[in-house]
A.B. asks: 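Before I ask anything, here is the structure I am working with.
When reading the values below, keep in mind they use all heavy atoms of this one structure, side chains included, and skip hydrogens, waters and symmetry mates. Labels below follow one simple rule: chain letters A, B, ... track the order of the sequence lines, proteins then strands, and each chain is numbered from 1.
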Protein chains: 2
Amino acid sequence: MRSKAELGRADAVACVELLFFAYRDFTGDADAVLEEYGFGRAHHRVLHFVSRNPGLRVAQLLDILKITKQSLARVLKQLIDEGFIAQREGAADRRERRLYVTAKGGKLTHKLTTLQVRRIEAAFAQSGPETETATRRFLLAMIAEPDRARVEALIGLSDRGATKDPI
Amino acid sequence: MRSKAELGRADAVACVELLFFAYRDFTGDADAVLEEYGFGRAHHRVLHFVSRNPGLRVAQLLDILKITKQSLARVLKQLIDEGFIAQREGAADRRERRLYVTAKGGKLTHKLTTLQVRRIEAAFAQSGPETETATRRFLLAMIAEPDRARVEALIGLSDRGATKDPI
DNA sequence: CAAATAAGTCAACATGACTGACATAACCTC
DNA sequence: GAGGTTATGTCAGTCATGTTGACTTATTTG
């Protein structure tokens, strides 16, 4: 029992390690499946965000992922060439290449998401369902502004709607 | 209000994204400092775990990091050459090269840890101190066995003792 | 002494980041 | 309509960090 609401350094260090191991295993499930397709985590991120935001522009995706367009180009090209992602000209601005997952891409994304969702659900089942709200508030608070607001809006939307799965 | 204690898929997907963004920003603070030293995240991980477990054997470190010894060799050699980590022969078994942070290495580790701890503390301050226990339980539950037990023991120890900072 | 173990090393390779420079098409503004 | 801006794509080279496979050395253990 510490007197203050403040964390001891040791407690915070524990969280550092928890985050490291939790994230490593969180991504591990999907990594294994991706390997079968010859894809990596970079492909997964692209699939995920395109699937979640159909019609996403390349520039927006770059902003979300915080990588350079040269880095994105390689994985995006592969995903397009192999038919997981499709591009369509923007209706208003024909310079834009709006990104969409194809049926094939949506299927893979769904498979990957399901793995991650399962681990999260299993974790909450074990830690107690009441830990969900707290965890979400903490994770959101960990995100640096100005992304926090954007993420809040992103997940805020999906919280309400029906299961708007990408496929 | 969902009728069950079960998460909706949309809620779990929200957690997927929260984890992605939270982890990205969590590591970002330290990455910036590491760059000044010409180090990367790999060096940070080595420093962290050696600092937390003085006298760690190479084989144990490999097991924690789940990388090959050839991968470790490169970063470890740099850290040793530049005086951040020291090796000492095992007392009982002279084949072992027990790893320790030097004063220099401890200082850097402390600096990096402080950055991460600050973000975590700021996050809890914002999400409410009552979210701490819940978050820690969730993160622990996210870790796959058999690591979960090991991590539990690791942080369990440090939870109690006085601030056993590595330097 | 032989075998197993702890660690180190050499070489080659893959992935996914990066910088910098430049190309193309479409839009916008004067 | 010319000229600048924007969205995107691409070429070329580099770096960090991971991989496999093969082999060495020192030491402990059976």
A.B. asks: Considering only D/dT8, D/dG18, D/dT28, which nucleotide approaches the side chain of A/A59 most closely?
C.D. replies: D/dT8

A.B. asks: So, OP1 or OP2 of D/dT17: does either fall under 4.0 Å of a side-chain N or O from B/H43?
C.D. replies: yes

A.B. asks: Parallel, tilted or perpendicular: which fits the ring planes of A/Y23 and A/F26, with parallel below 30° and perpendicular above 60°?
C.D. replies: tilted

A.B. asks: By nearest atom, which of the nucleotides D/dT19, C/dA6, C/dT19 is closest to the A/T68 side chain?
C.D. replies: C/dT19

A.B. asks: Would you find more than 12 non-hydrogen atoms of other residues, nucleotides or ligands less than 6.0 Å from A/R150 atom CZ?
C.D. replies: yes

A.B. asks: Just the rounded figure in Å: distance from C1' of D/dT17 to CZ of A/R24.
C.D. replies: 16 Å

A.B. asks: Within the pair B/R45 and D/dG18, is there a side-chain N or O less than 4.0 Å away from OP1 or OP2?
C.D. replies: yes

A.B. asks: OP1 or OP2 of D/dT19 less than 4.0 angstrom from a side-chain nitrogen or oxygen of B/S71, does that happen here?
C.D. replies: yes

A.B. asks: Considering only C/dC10, C/dG20, C/dA7, which nucleotide approaches the side chain of A/Q70 most closely?
C.D. replies: C/dG20

A.B. asks: Consider the side chain of B/R57, meaning its heavy atoms from C-beta on, and name the nucleotide among C/dA7, D/dT17, C/dC27 that approaches it most closely.
C.D. replies: C/dA7

A.B. asks: Measuring from the side chain of B/I67 (C-beta onward, heavy atoms only), which nucleotide among D/dG18, D/dG9, D/dT27 has the closest atom?
C.D. replies: D/dG18

A.B. asks: Could you check which of D/dG9, C/dA7, D/dT19 has an atom nearest any side-chain atom of A/R97?
C.D. replies: D/dG9

A.B. asks: Any salt bridge linking A/R136 with A/E132? Criterion: basic side-chain nitrogen under 4.0 Å from a carboxylate oxygen.
C.D. replies: yes

A.B. asks: Ignoring hydrogens and geometry beyond distance, is the side chain of A/K77 in donor-acceptor contact with the base of D/dG9 at under 3.5 Å?
C.D. replies: no

A.B. asks: Looking at A/T114, A/L112, A/L115, A/L34, which hits side chain to side chain contact (heavy atoms under 4.5 Å, CB included) with A/D29?
C.D. replies: A/L115

A.B. asks: Identify which nucleotide among C/dT5, C/dA26, C/dG16 has an atom closest to any side-chain atom of B/R95, counting heavy atoms from C-beta outward.
C.D. replies: C/dT5

A.B. asks: Mapping A/G90 and B/A73 to their closest nucleotides on DNA chain C, which lands nearer the 5' end?
C.D. replies: B/A73

A.B. asks: If you check every side-chain atom of A/E96, which of D/dT10, D/dA7, C/dA4 has the closest atom?
C.D. replies: D/dA7

A.B. asks: Can you check whether A/F138 and B/F138 have ring centres sitting under 6.0 Å from each other?
C.D. replies: no

A.B. asks: Nearest to the side chain of A/V58, heavy atoms from C-beta on, is which of D/dT17, C/dA17, D/dT8?
C.D. replies: D/dT8

A.B. asks: Closest-nucleotide mapping onto DNA chain C: is A/F39 or A/E89 further toward the 5' terminus? I mean the 5' end.
C.D. replies: A/F39

A.B. asks: Report which part of the nucleic acid B/R98 touches: base, sugar-phosphate, or nothing (heavy-atom distance under 4.0 Å, all strands).
C.D. replies: nothing

A.B. asks: Record whether the side chain of B/R94 comes under 3.5 Å of the base of D/dT27 through a donor-acceptor pair of N or O atoms.
C.D. replies: no

A.B. asks: B/Q60 near the nucleic acid: base, sugar-phosphate alone, or nothing, with a heavy-atom cut-off under 4.0 Å?
C.D. replies: nothing

